[in-house]
Amino acid sequence: MKTLAIAAVAATAATIVLAATGYAQNTQPPGYMIANYTIKDQAGYRKYMEEAGPLAPKYGGKIIVFNLNANAVEGQPKKVMAIAEFPSLADAQRFYNSPEYTAARKFRVASTEGTVVITEGFVPLQP
């Protein structure tokens with residue numbers, strides 16, 4: 001009986017450790033790079049897209065929003081809305097500061113007017 005009780009306590013402890021480990025792994029918020037701009041120079045912007053287009057996956061990222069004619073419902077945002085999601089804020093920053101994206105970024109900066117923000121996503125607390 002004593003051995004069974006010890007085994008039950010050990011199993012419970014192992015379950016708590018595994019649950020806590022799983023919780024810790026799932027609580028890191030994703031990182032997002034959010035761009036909102038207007039294209040001023042189509043040729044320069046095409047060059048940016050050629051160079052920057054394939055880069056996000058190299059840093060674990062994926063484009064989740066890309067709209068060249070976003071419909072504003074409030075305020076005065078620019079026409080283009082693009083959002084790339086990365087596994088973490090650090091991954092988004094690594095992408096943005098990478099030599100490859102830095103080289104491509106100069107074409108976007110020269111051919112557009114707007115903003116780019118890098119931020120953490122939201123991860124709700126789990127019970």
Side-chain angles (χ1 to χ4, degrees):
M1 181 72 170
K2 190 173 183 181
T3 304
L4 186 58
I6 291 172
V9 169
T12 302
T15 301
I16 291 170
V17 168
L18 288 173
T21 302
Y23 177 76
Q25 290 174 350
N26 293 331
T27 58
Q28 179 176 355
Y32 292 92
M33 186 172 108
I34 303 166
N36 183 226
Y37 48 83
T38 298
I39 301 168
K40 302 182 305 181
D41 170 19
Q42 289 291 335
Y45 187 73
R46 273 193 298 279
K47 184 70 174 163
Y48 165 70
M49 291 301 291
E50 289 169 7
E51 291 195 21
L55 295 177
K58 292 175 69 174
Y59 294 86
K62 62 183 176 182
I63 307 304
I64 59 172
V65 173
F66 184 77
N67 188 334
L68 292 172
N69 196 22
N71 183 29
V73 294
E74 292 185 23
Q76 297 295 320
K78 309 296 184 182
K79 284 291 187 186
V80 177
M81 180 62 66
I83 303 174
E85 180 182 57
F86 294 86
S88 69
L89 180 63
D91 290 318
Q93 291 168 331
R94 246 187 317 281
F95 165 77
Y96 184 82
N97 294 310
S98 70
E100 304 100 329
Y101 188 72
T102 297
R105 184 173 63 226
K106 67 183 176 196
F107 295 110
R108 182 187 44 78
V109 170
S111 64
T112 66
E113 182 177 281
T115 61
V116 174
V117 175
I118 294 178
T119 185
E120 283 183 330
F122 174 71
V123 175
L125 294 177
Q126 299 176 8

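- For Y32 against G121, the heavy-atom pair with the smallest separation is CE1-CA, 3.5 Å.
- With contacts defined as side-chain heavy-atom distances shorter than 4.5 Å, the pair L68/I39 qualifies.
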inquiry  = Run Y101 and M33 through side-chain contact (heavy atoms from CB on, under 4.5 Å) and show every step you take.
reply    = CA-CA 13 Å; Y101 188 72; M33 186 172 108; 3.5 Å; yes
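- Defined by atom type and a distance below 3.5 Å, a donor-acceptor pair is present between the side-chain atoms of Y59 and E100.
- A salt bridge links E51 with K47: at least one charged nitrogen is closer than 4.0 Å to a carboxylate oxygen.
- Under a 3.5 Å cut-off, the side chain of N67 and the backbone N or O of M81 do not form any donor-acceptor pair.
- Here the side chain of N69 pairs no donor or acceptor atom with the backbone of V80 at under 3.5 angstrom.
- When all heavy atoms of D91 and P87 are compared, the pair lying nearest together is OD2-CB, 3.3 Å.
- By the 6.0 Å and 45° rule, R105 stacks over the aromatic ring of Y96.
- The minimum heavy-atom distance linking I63 with A84 is given by the pair CD1-CB, 3.8 Å.
- L55 and I34 are not part of a single hydrophobic cluster, where members link through side-chain heavy atoms under 4.5 Å apart.
- Scanning all heavy atoms of the two residues, the minimum distance from S88 to Q28 falls at CB-NE2, 2.6 Å.
- Residues F66 and F86 share a hydrophobic cluster, clusters being chains of Ile/Leu/Val/Met/Phe/Trp/Tyr side chains in contact below 4.5 Å.
- Considering only heavy atoms from C-beta on, V116 comes within 4.5 Å of R108 through its side chain.
- Atom OG of S111 and atom CE of M49 lie 10.5 Å apart (nearest 0.5 Å).
- In this structure, the side chain of S98 engages the main chain of F95 through a donor-acceptor pair within 3.5 Å.
- The minimum heavy-atom distance between I118 and Q93, with the atom names listed, is CG2-CG, 4.1 Å.
- Enclosure of atom NZ in K40 by more than 12 non-hydrogen atoms of other residues, nucleotides or ligands within 6.0 angstrom is indicated.
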